[in-house]
Amino acid sequence: MSSVFASRSLNVIDDLSISERRYFFTKVKELKDAIVANDEKVLDSFRINDPDFGIYEVFLEDSTRTKESFRNAANFHHVKVSELISSSSSINKGESYADTFNMLSGYHNSIFIVRSKVEGLTKWLSEECTEYAERNNLPYRPAFINAGDGKHEHPTQELLDEFTFLEDIGMDFSSIHVALVGDLYHGRTVHSKADGLRIFDHVKVDLIAPEELMMPESYIEKMKENGFEVSIYSSIEEYLKTAQDPAKLWYFTRPQLERMGERILQKQDILREAITFRKDFLPYLKEGTRFYHPLPRHKEHPTIPTWLDKTPLNGWERQAINGMYCRIVLLSLVGGKIGDDYVPVPGDHETDRRTEEYIIQVEPSKDKKNKNYSEGVRPISDGIVIDHICKGDDPGAIRNHMRLISSILGLDDGRGGEWVSRGSDGQYKGIIFRPGARPLERKDLKRLAAVAPHCTLNIIRDGRVAEKYRTHMPPRIYNFDDLCCQNDACISNPINGEGVPASFYRTPDGHFACAYCGRFHTFKEIWKKRS
Ligand code: NCD
């Protein structure tokens with residue numbers, strides 16, 4: 001197994017690099033052509049063909065298309081295909097997911113296809129089961145494929161969506177213009193597009209949804225960071241009447257009633273109307289427009305009405321059929337059958353930023369201001385002063401945050417205090433004084449940088465600033481008991497009882513994203529609630 005794809009997990013679409021995804025699409029095209037031509041020799045070159053190789057389907061949430069296309073794709077490979085029936089498994093006896101899947105991964109070399117309401121589940125399992133395999137000296141590593149996790153991502157749907165777009169634009173990666181219509185708030189298939197569409201050099205996305213169903217800000221932010229041109233419309237009607245250049249590719253998603261709260265459910269008829277296609281819209285469409293949908297659509301309230309099935313707008317039926325082809329190829333890659341001819345591209349996977357410094361020593365100023373830090377009326381002789389806290393916030397917010405910093409760094413005991421001051425620029429900032437405080441260790445500094453980025457830390461000795469540091473958000477923060485993802489649906493949220501330690505990475509726009517569910521947090525939000 002020399003291919004870079006073998007035993008790889010696919011938790012989010014970005015687990016495959018852009019160039020790996022482009023390679024994937026060429027392979028899907030090859031397979032689809034071979035299926036049409038009934039070319040057994042080519043088809044065989046995709047087949048894992050190993051009766052000891054296991055493909056496990058574990059669907060903890062309803063599914064038809066994803067589950068059945070994966071089952072058929074797995075059977076194509078002539079391997080052992082199994083299904084864990086969750087309603088009769090020990091998950092119902094309070095067993096953790098890690099214990100269940102560790103045990104299954106001990107049987108044979110396996111790919112697990114998992115759908116769940118719990119976000120980040122396959123990421124956690126891929127980490128846990130890899131460790132399990134190592135400590136039990138297993139000769140293989142299990143791979144996990146996320147078949148949809150809550151509102152988070154649906155990477156294999158993303159692959160088949162993009163393959164279908166590509167077929168319709170001549171397998172051309174140079175640009176794409178797509179309208180996303182429907183429940184952009186709950187729909188994981190559209191969330192995966194925020195990174196998924198990066199395979200195209202230029203991306204224009206029109207988001208069409210009423211406010212209640214609009215895409216969460218963090219995904220819009222991600223799209224912009226990825227260089228996409230993003231426009232927002234509240235209904236199809238508004239889009240067709242005001243957009244200068246409506247897209248030719250329209251991707252619809254179903255209102256996900258099962259994930260909506262009471263408040264939104266009450267308005268479902270009005271919301272649905274804004275995202276349902278009508279006959280009188282037809283003349284406004286551009287020549288060559290095509291509609292797509294991950295399906296299912298509602299039998300009584302479809303947002304793509306059934307009278308459109310027999311029109312050239314119908315791209316969704318071929319899209320669903322492509323699902324099986326894409327999944328055959330994915331299993332072939334992860335099963336190590338194909339992929340040897342892929343030439344890795346430098347920068348395929350981002351370089352590890354873990355070593356980046358987040359606390360940088362600067363020269364203490366030499367002027368007389370250096371002596372100015374005082375403990376009430378007395379100058380501080382020894383201790384620490386954290387300055388420039390939450391610069392620009394309002395005084396109440398700054399005070400609250402200083403309480404959090406003090407608690408997180410264990411600075412609640414002993415002498416000292418907090419101030420809010422106003423600089424010559426009119427902006428407020430906070431200062432924490434701790435005369436005689438214990439020296440801060442490396443782990444304290446990391447916590448300080450995470451909870452109080454963009455501050456200065458002054459170490460005072462003999463009444464002078466002996467050392468001065470500037471804090472920056474650490475690229476990663478983990479391994480502390482008091483971290484907590486605020487998303488209840490996340491595998492790492494204590495509410496789910498899976499004992500998964502929270503872990504965050506910094507985003508380009510200065511948030512901490514949960515390493516499991518991707519939820520964006522500010523540096524104030526990554527901590528467990530304090531009493
Ligand atoms: C989607 C899903 O499950 O996220 N369906 C699918 O996988 N084909 C979309 C949906 O449920 O609306």
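Predicted, not measured: the structure shown is a model, and the values here were computed from it. Whatever order the structure lists ligands and atoms in, that order sets their numbers, starting from 1.
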Protein contact to [atom] [nearest heavy atom, distance to 0.1 Å]:
atom: atom 9 (C) of ligand 1; answer: Leu295 O, 3.7 Å
atom: atom 7 (O) of ligand 1; answer: His154 NE2, 2.8 Å
atom: atom 4 (O) of ligand 1; answer: Arg188 NE, 2.7 Å
atom: atom 11 (O) of ligand 1; answer: Arg254 NH2, 2.8 Å

Verify whether one side chain among Asp201 and Ser174 offers a donor that lies under 3.5 Å from an acceptor in the other.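 Result is no, nothing qualifies.
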Could you see which bit of Arg115 sits under 4.0 Å from ligand 1, with heavy atoms only: side chain, backbone, both or neither?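 Under 4.0 Å from ligand 1, Arg115 contributes side-chain atoms alone.
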Tell me whether the rings of His293 and Phe252 are parallel (<30°), tilted (30 to 60°) or perpendicular (>60°).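 Ring orientation, 0 to 90° scale: parallel.
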Please could you name the atoms of ligand 1 that Gln157 approaches to less than 4.0 Å, counting only its heavy atoms?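 Listed by number with element, the hits are 6 (C), 7 (O), 8 (N).
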Quick one: ring pair (Phe, Tyr, Trp, His ring centres under 6.0 Å) pairs with a partner in residues 152-180, sequence neighbours left out?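 Only Phe165-Tyr292 qualify under ring pair (Phe, Tyr, Trp, His ring centres under 6.0 Å).
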Please determine whether any non-hydrogen atom of Pro294 lies less than 4.0 Å from an atom of ligand 1.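 The answer is yes: ligand 1 sits under 4.0 Å from a heavy atom of Pro294.
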Below 4.0 angstrom, N of the basic side chain to O of the carboxylate: do Glu162 and Arg198 qualify?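 Between Arg198 and Glu162 there is no salt bridge, as every charged N stays at least 4.0 Å from the carboxylate O atoms.
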N/O separation below 3.5 Å, Thr189 to ligand 1: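 Between Thr189 and ligand 1, no N or O pair is found under 3.5 Å apart.
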Give a yes/no verdict on a cation-pi contact between Lys204 and Phe228, requiring under 6.0 Å between NZ or CZ and the six-membered ring centre and an angle within 45° of the axis.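 Cation-pi check for Lys204 and Phe228: fails.
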Check side-chain hydrogen bond (donor to acceptor under 3.5 Å, both in side chains) between Ser218 and all other residues, then give those that pass, not counting sequence neighbours.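 With neighbours one apart ignored, the set is empty.
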